[in-house]
Amino acid sequence: METPNLIPERDLGSLPVLQAERLGIDFGGLTAVDDFSIALGRTEISGIIGPNGAGKTTIFNLLTNVYKPTRGTILLDGVDTANKSMVQVNKMGIARTFQNIRLFDKMTVAENVLVGFTNAMSSSLVADILRLPSHWRQEEEFRDRTLSLLDIFGMRGLADETAGNLPYGAQRRLEILRALATQPKVLLLDEPAAGMNPNETEELMSNIQLIRDEFQIAILLIEHDMQLVSGVCEGVAVLDYGKIISKGTPEEIQNDPRVIEAYLGKQVGVR
Ligand SMILES: Nc1ncnc2c1ncn2[C@@H]1O[C@H](COP(=O)(O)OP(=O)(O)O)[C@@H](O)[C@H]1O
Ligand SMILES: [Mg+2]
């Protein structure tokens, strides 16, 4: 099915930052994703929703070169990412968070952010830093950049805490900041509100918008919380059995009978 893209008017004058054309991947006999096309405007916030097992995380794995697509192409800022490694594709401008948080638990909050910065550095500098853990602390620049990133989520005071000791919501926020430290053009968030309480979710929503406004980047998120999706997403693609079954504004997709049916009559808006 050909579906329209939903690039906001303000982004129409420039090349979409991310274009996936008819992406598909098969795992043995299982087609996990098929015919997935999307174009993301440079400052667009959009979402992918769909029942469990629909293929949402697999799309992120394709976009970040964790998996090689069986079919289709991905252009990041106009450049084909086929045959690039995960690290290369991150350097090209795509960063993500994971459905299950992946932080360096024993490292401090600030060190976790530093790991993000290192992706944009030369490998010799990374080697220096890894050899001498104290090295970067003297580097005013990194300290300042780390602290100002932590400020986004009001986490400056936690800079020297052990990441693994943070409450769950704070770990999720830290993972977003680490991804941002790689200076992406596109930020992919896999269920960022999972496990958050309503207050934290509310705060996350305004922070997602703040990140877009401040960094002028595109954000594509996977989320079950329709309140979050309706609150921040300009466009939504609904996935079912690996295929896009509906695309539109949050309001449009919630009223689409195909979407309601995919959720087996369950109200889409109910968690
Ligand atoms: N590496 C893999 N090998 C085999 N099957 C996989 C692999 N990764 C994902 N799948 C399958 O692809 C389908 C989509 O999974 P996933 O993308 O994680 O769904 P979602 O994130 O929408 O819940 C599921 O049936 C899952 O079991
Ligand atoms: Mg998933």
Side-chain angles (χ1 to χ4, degrees), residues 1 3 18 20-38 40 45-74 81-86 89-90 94-103 168-169 171-173 175-176 178-179 186-196 201 204 208 219-230 232-233 235-248 250 253-254 256 258-271:
M1 182 181 64
T3 46
L18 180 69
E21 294 278 350
R22 312 202 68 166
L23 272 189
I25 186 165
D26 303 332
F27 295 112
L30 174 86
T31 296
V33 174
D34 196 31
D35 208 9
F36 179 83
S37 298
I38 196 171
L40 202 60
I45 303 177
S46 272
I48 300 175
I49 67 166
N52 280 332
K56 304 179 298 294
T57 297
T58 301
I59 287 171
F60 278 13
N61 286 332
L62 289 169
L63 294 175
T64 53
N65 287 24
V66 174
Y67 297 150
K68 188 178 158 63
T70 312
R71 298 168 290 281
T73 51
I74 300 163
T81 65
N83 306 316
K84 305 280 184 197
S85 68
M86 282 190 279
V89 107
N90 178 227
I94 193 159
R96 75 181 291 187
T97 63
F98 294 87
Q99 191 169 348
N100 306 307
I101 301 174
R102 295 191 197 173
L103 288 169
Y168 186 78
Q171 292 194 16
R172 284 220 161 262
R173 291 189 284 274
E175 207 192 11
I176 294 174
R178 186 182 58 187
V186 181
L187 179 62
L188 307 177
L189 305 174
D190 196 346
E191 302 198 21
M196 284 191 171
T201 303
L204 176 69
I208 287 171
I219 299 175
L220 183 62
L221 56 92
I222 292 169
E223 194 43 72
H224 285 299
D225 188 328
M226 270 311 292
Q227 199 196 332
L228 185 144
V229 171
S230 307
V232 302
C233 292
V236 184
V238 186
L239 210 67
D240 195 23
Y241 295 105
K243 287 190 181 234
I244 293 178
I245 57 164
S246 182
K247 215 184 220 181
I253 60 103
Q254 281 185 90
D256 184 337
R258 285 169 299 187
V259 176
I260 294 162
E261 192 180 330
Y263 282 86
L264 297 170
K266 278 178 275 175
Q267 192 67 44
V268 179
V270 174
R271 281 186 88 176

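The basis for the numbers below is simple: all heavy atoms, side chains too, and nothing from hydrogens, waters or symmetry mates. We count ligands from 1, going down the list as the structure has it; atoms in each ligand are counted the same way. The residues of the chain are indexed from 1 along the displayed sequence. Note that the coordinates shown come from a computational prediction; the quantities given were computed from them, not determined experimentally.
The protein atom (non-hydrogen) at minimum distance from atom 26 (C) of ligand 1 is L30 CD2, 4.6 Å. Distance from atom 17 (O) of ligand 1 to its nearest protein heavy atom, with residue and atom name: T58 OG1, 2.6 Å. Counting only heavy atoms of the protein, atom 14 (C) of ligand 1 lies nearest to G53 O, 3.4 Å. The protein heavy-atom contact nearest to atom 8 (N) of ligand 1 is Y67 OH, 3.3 Å. Shortest contact from atom 3 (N) of ligand 1 to any protein heavy atom: F27 CD2, 3.5 Å. Counting only heavy atoms of the protein, atom 18 (O) of ligand 1 lies nearest to T57 CB, 3.8 Å. Here the heavy atom of the protein found nearest to atom 12 (O) of ligand 1 is A32 CB, 3.4 Å.
The existence of a salt bridge linking D35 and K243 is excluded, since no basic side-chain nitrogen approaches an acidic carboxylate oxygen closer than 4.0 Å.
The distance from the NE2 atom of H224 to the CD1 atom of I222 is 8.5 Å, given to the nearest 0.5 Å.
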request  = Decide yes or no on side chain to side chain contact (heavy atoms under 4.5 Å, CB included) for V232 and I219, but give the supporting numbers first.
outcome  = CA-CA 10 Å; V232 302; I219 299 175; over 6 Å; no

message = Please determine whether side chain to side chain contact (heavy atoms under 4.5 Å, CB included) holds for the pair Q254 and V259, giving the CA-CA distance in whole Å, both sets of side-chain angles, and the decisive distance to 0.1 Å.
response = CA-CA 7 Å; Q254 281 185 90; V259 176; over 6 Å; no

task = Evaluate the criterion side chain to side chain contact (heavy atoms under 4.5 Å, CB included) for residue pair M86 and R96; output intermediate values, then yes/no.
result = CA-CA 11 Å; M86 282 190 279; R96 75 181 291 187; over 6 Å; no

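Ligand 1 lies out of reach of F60, whose nearest heavy atom is not under 4.0 Å from it. Look at G50 and you'll find every heavy atom at least 4.0 Å from all atoms of ligand 1.
Atom OH of Y241 is surrounded by 12 or fewer heavy atoms from other residues, nucleotides or ligands within 6.0 Å.
The shortest N/O to N/O separation between Q99 and ligand 1 does not fall below 3.5 Å.
Among the backbone and side-chain atoms of Q99, an N, O or S atom lies under 2.8 Å from the Mg ion (ligand 2). Residue side and main chain included, T57 places an N/O/S atom under 2.8 Å of the Mg ion (ligand 2).
For L239, no heavy-atom contact with ligand 1 is shorter than 4.0 Å.
Between the side chains of T57 and D190, at least one donor-acceptor pair of N or O atoms lies under 3.5 Å.
Every atom of ligand 1 is numbered from 1 in the order shown, and the set under 4.0 Å from a heavy atom of N52 is 23 (O).
Residues L239 and I59 are in side-chain contact: their nearest non-hydrogen atoms beyond the backbone lie under 4.5 Å apart. Inter-residue side-chain proximity for E223 and V236 is flagged as unmet; no heavy-atom pair is nearer than 4.5 Å.
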